[in-house]
Amino acid sequence: MTTTDSASGVDFIREIVAEDIKTNKHGGKVVTRFPPEPNGYLHIGHAKSICLNFGIALENKGGVCHLRFDDTNPCKEEVEYIEAIKRDVQWLGFDWGKHLYYTSDYFEKLYEYAVQLIRLGKAYVCSLSADEIRGYRGTLTQPGKESPYRTRSIEENIELFKRMRAGEFADGTHVLRAKIDMASPNLNMRDPAIYRIRRTKHHRTGDTWCIYPMYDFAHCLSDSIEGITHSICTTEFENHRPLYDWILDTLGVECHPQQIEFARLNLSFTIMSKRKLLELVEEKKVNGWDDPRMPTISGMRRRGYTPEAIRNFCERIGVAKRESMVDIALLEHFVREDLNKRTLRVMAVLHPIKVVIDNYPEGEVEELECVNNPEDANMGTRKVPFSRVLYIEQDDFREEPPKKFFRLAPGREVRLRYAYFITCVNVIKDEVTGEIKELHCTYDPETRGGSAPDGRKVKSTIHWVSAEHSIEAEVRLYDHLFTKADPCDEKDETDFKKFLNPNSLEIVTSSRVEPCLAHAAPGSRYQFERLGYFCVDTRDTGNKKLVFNRTASLRDTWAKVQKAEGT
RNA sequence: UGGGGAAUAGUGUAACGGUAGCACAAGUGACUCUGGAUCACUUUGUCGGGGUUCGAAUCCCUGUUCCCCAGCCA
C-alpha cells in the first residue's frame with residue numbers, strides 16, 4: 001500500500017490528527033469511519049474519502065477505521081447497494097476488520113437518546129405539516145416562528161413520541177424536533193426534525209420501526225457510540241457542525257468526536273452526484289452502475305482500472321477545503337503509470353486491413369519471439385505466429401502519406417514488430433468503391449526478428465497479426481461520459497444530460513487479436529501495443545465472445561501532430 | 001440586505017514571517033524495434049487595494065469573487 005507521505009507537508013486533517021495524538025486528546029487513539037448511505041454505488045469521490053479515512057487509521061499506530069452504513073432512510077436504501085459498497089471498499093484494498101456497523105443497529109439506543117432529549121426539555125413532538133414547518137422556518141434573512149406545539153409538556157411529548165413509535169399515527173402527521181432556536185442564523189438550528197414517521201419496510205429492520213431518525217440526530221450519536229475520534233465529512237456539512245455538537249453536548253455523552261470537513265472531489269468530464277448517476281442508470285443512458293464509462297468504483301474496475309492507480313490518484317489530489325475540479329487527465333495518468341509496469345504486451349488490430357507478403361512462402365508459419373513487457377524482463381517472452389497473410393491497422397497505411405506520417409505507404413519500408421521489414425508494392429482497391437481491399441508487400445528475410453544486418457533503419461514499427469491464426473474480438477472504446485468539463489454548470493438541474501457524450505462508447509466488432517488471448521481470463525489486463533490498455537470484460541465475455549474494454553489509450557503523439565496540422 | 005466556508009501557474013496541491021516547490025497538463029530536445037515508456041530542459045502563479053515588518057502567500061484592515069444552507073434526504 002502506498003501511504004508514503006511524499007516530500008512536502010501533510011494535509012490539514014492529518015495535521016489535526018497528529019496534533020491530537022501529541023496532546024493525547026482522545027487518549028492517543030485514532031478512530032475514523034467511512035459512513036456511506038446504501039442508496040447507490042460508490043464513486044471515485046467516495047474513494048477519496050475511503051483513502052482518507054482508512055489511510056489515516058493505517059498511518060497511526062492502533063488506528064481503526066469503521067465501515068458504517070448510514071441507513072436511516074429506508075425509502076432509498078437497498079441491500080444490493082450494501083453488498084456493492086462492501087465489495088468496492090475491499091477491492092480498493094481496505095479492511096474494516098470486525099468494524100462493520102449499521103446505524104440501524106443503534107435504532108433502539110437512538111430512540112432512548114431521543115426520549116432523554118425530551119426529558120431534558122430539549123425536544124418536542126411537532127404536529128405541524130411539512131409545509132407548515134417550512135413556513136415557520138423563516139428565510140435566510142428572516143428568523144423563523146416558533147411552532148405552536150413547542151410548549152407541549154414533557155409528559156405529553158413522551159406519550160406522543162411513544163405513540164409515534166407504536167404506529168398510531170400516519171406518515172407526516174407528527175415529527176420529533178430538537179428545541180433549539182427558531183431565530184438562529186443557521187437554519188439547521190431552527191428546531192430541526194430529528195425523527196419522522198415512515199411506514200416503509202427497512203432493508204435490515206423490516207417492520208420493526210415506523211419512525212426513523214434523521215441524519216443529524218443519528219450520525220453524531222452513532223459516531224459517539226462507536227468511539228469515533230475524528231468524524232471526517234464534506235464541506236456541505238459544515239453548517240451542520242453546530243447541531244452535531246449541540247446534540248452531543250446536550251445529551252452529555254462521554255465521547256464527543258470532532259467533525260472535520262474537506263472539499264468533495266469534482267472530476268472534469270463526469271459527474272459525482274449519486275442522484276444524477278442513478279438517473280443515468282434508471283434512464284438507461286448507461287448500461288448500469290458498472291458501465292465502464294461511469295465514475296463508479298465498479299465501473300472503473302470493469303473498465304480495467306487498478307486499485308493502486310485509484311489510490312495513487314487519491315493521494316496525489318490531496319485534501320483541502322477549497323472547491324476544485326480535478327482534471328480527469330490526472331486520473332488517466334495514474335492508470336497508465338500503473339498499467340505500463342504490470343501489463344503484458346500483445347498485438348491486436350482493431351480495424352484490420354489485409355496484407356499479403358508476396359515473397360513469403362505459401363503455407364509456411366513461423367513462431368516469432370516477442371517481449372512480454374519491455375519494462376520488466378521477468379515477464380519473459382512469448383511466441384507469435386507469422387505467415388504470408390496478415391492484418392495491420394488501417395490507420396497504419398496511407399496511400400498518400402501526409403508530412404510526418406512515418407508508417408506504411410506505397411514503396412515505403414516499415415518494420416513489423418518483432419518480425420520483418422516489409423515494403424508496400426501494390427494496393428488493391430475495389431473497382432467500384434475505390435476502397436482499399438488489400439495491400440501487397442515484400443519482406444526482407446534478412447530482417448527476421450526486426451533488425452537489418454546491413455544496419456538500415458526504418459522510420460516506423462507497426463503491429464500486426466497473422467490472418468489465419470488471429471482470433472476475432474469485440475473491442476469497446478470509451479471516451480469521456482460528458483462533452484463538457486463541468487456538465488452541472490447550468491441553471492437547470494436537468495441540463496447535465498444535454499452534455500452526455502454521444503461518442504462515449506464505440507464498439508468495434510471485428511478486431512483481430514493474437515492467438516494467446518483465446519483463453520484470456522475475464523478481468524485480465526493487457527497493453528495492445530501502440531493502442532492502449534485493455535481488459536477482458538467480465539460481464540459480456542463468454543464461450544463464443546471475447547470482449548475487451550479500453551481502459552486508457554496510450555499517449556499518442558501522432559494524433560497530436562494531426563490535430564496541430566488540422567488534418 | 002442572515003449565517004457558514006474558500007481564494008497560490010491551465011488543473012490540483014505544498015510552503016505555518018525568511019529562496020514560491022511538487023504532480024498533471026503544455027512545449028523543446030535526447031533516446032527508442034510501441035509516434036509507447038524513459039531522461040533532460042522550458043513556459044506559466046500568491047484575487048484587488050492599503051498597512052505592519054529588515055523581510056508577507058503567510059499577520060492586520062478593506063474590497064472583490066466563488067461555494068454551501070430555507071428536505072419529515074444524507
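Chain naming here is simple, since letters A, B, ... match the order of the sequence lines and numbering starts at 1 in each. Keep in mind that the numbers below use all heavy atoms, side chains included, and drop hydrogens, waters and symmetry copies.
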Can [X] and [Y] be counted as having a side-chain donor-acceptor contact under 3.5 angstrom?
| X | Y | value |
| --- | --- | --- |
| A:H351 | A:D395 | no |
| A:Q527 | A:T343 | no |
| A:H463 | A:R345 | no |
| A:Y244 | A:D223 | yes |

Nearest to side-chain heavy atoms of [X], which nucleotide of [options]:
| X | options | result |
| --- | --- | --- |
| A:E238 | B:G36, B:G5, B:C22 | B:G5 |
| A:A329 | B:C72, B:C73, B:A25 | B:A25 |
| A:N188 | B:C72, B:U34, B:C69 | B:C69 |
| A:L554 | B:G35, B:G36, B:A14 | B:G36 |
| A:D70 | B:A74, B:G36, B:G12 | B:A74 |
| A:V326 | B:G12, B:G36, B:A14 | B:G12 |
| A:E375 | B:C24, B:C73, B:G36 | B:G36 |
| A:R316 | B:G12, B:G35, B:G2 | B:G12 |
| A:E323 | B:C73, B:G36, B:C67 | B:C67 |
| A:S324 | B:G12, B:G35, B:A14 | B:G12 |

Closer to the 5' end of RNA chain B via nearest nucleotide, is it A:G172 or A:D11?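 Upstream on the strand: A:D11.
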
Here's a test of your reading of the structure: between A:E15 and A:G318, which maps to the more 5' nucleotide of RNA chain B?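 Of the two residues, A:G318 wins.
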
To the closest 0.5 Å, what do you measure between CG (A:L110) and OH (A:Y195)?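 Separation between the atoms: 5.0 Å.
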
Supply the atom-to-atom distance A:K276 NZ to A:T270 OG1, rounded to the nearest 0.5 angstrom.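 With rounding to 0.5 Å, NZ (A:K276) is 11.5 Å from OG1 (A:T270).
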
Test your reading of the model: is there a side-chain donor-acceptor pair from A:W209 to the backbone of A:R165, 3.5 Å cut-off? no

Tell me if a side-chain donor or acceptor on A:R177 pairs with a main-chain N or O of A:C126 at a distance below 3.5 Å.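 Flag not set: sc A:R177 to bb A:C126 has no pair under 3.5 Å.
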
Value in whole Å for how far the [atom2] atom of [N] lies from [atom1] of [X]:
| X | N | atom1 | atom2 | value |
| --- | --- | --- | --- | --- |
| A:R555 | B:C24 | CZ | P | 10 Å |
| A:K563 | B:A26 | NZ | C1' | 12 Å |
| A:D131 | B:A70 | CG | P | 15 Å |
| A:F262 | B:U13 | CZ | P | 12 Å |
| A:K321 | B:G12 | NZ | P | 18 Å |
| A:Y212 | B:G71 | OH | C1' | 18 Å |
| A:R550 | B:G36 | CZ | P | 16 Å |
| A:Q142 | B:G2 | CD | P | 12 Å |

Please determine, for [N], whether a Watson-Crick or G-U wobble partner exists with both distances under 3.5 Å, and give it or none.
| N | value |
| --- | --- |
| B:G45 | none |
| B:C39 | B:G29 |
| B:A56 | none |
| B:G10 | B:C24 |
| B:G2 | B:C69 |
| B:U34 | none |

Sugar-phosphate, base or nothing in reach of [X], heavy atoms under 4.0 Å:
| X | result |
| --- | --- |
| A:Y195 | nothing |
| A:E261 | nothing |
| A:L140 | base |
| A:E529 | base |
| A:P374 | base |
| A:A130 | base |
| A:H240 | base |
| A:L416 | nothing |
| A:R415 | base |
| A:L128 | base |
| A:V458 | nothing |
| A:F69 | nothing |
| A:R407 | base |

Same-atom distance ([atom1]) from [N] to [M], integer angstrom:
| N | M | atom1 | answer |
| --- | --- | --- | --- |
| B:U11 | B:C59 | P | 23 Å |
| B:G51 | B:A70 | P | 42 Å |
| B:C47 | B:U38 | P | 33 Å |

Anti or syn - B:G71, cut at 90° from 0: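 Syn, which is what one calls it when the glycosidic angle falls within 90° of 0.
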
Would you say [N] has OP1 or OP2 under 4.0 Å from some side-chain N or O of [X]?
| X | N | result |
| --- | --- | --- |
| A:R322 | B:U8 | yes |
| A:R134 | B:G71 | yes |
| A:K560 | B:G27 | yes |
| A:T72 | B:A74 | yes |
| A:T557 | B:G36 | yes |
| A:R336 | B:A25 | no |
| A:R190 | B:C69 | no |
| A:R196 | B:A74 | yes |

Side chain A:N239 and base B:C68 donor-acceptor under 3.5 Å: yes

Between A:E238 and A:K321, is the closest basic N to carboxylate O distance under 4.0 Å?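 Result for this pair is yes, salt bridge flagged.
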
Mind running side-chain hydrogen bond (donor to acceptor under 3.5 Å, both in side chains) on A:R152 and A:S127 for me, showing each step along the way? CA-CA 11 Å; A:R152 286 216 253 235; A:S127 309; 2.4 Å; yes

Kindly state whether the pair A:W558 / B:G35 counts as stacked, where counting means centroids closer than 5.5 Å and planes tilted less than 30° apart. yes

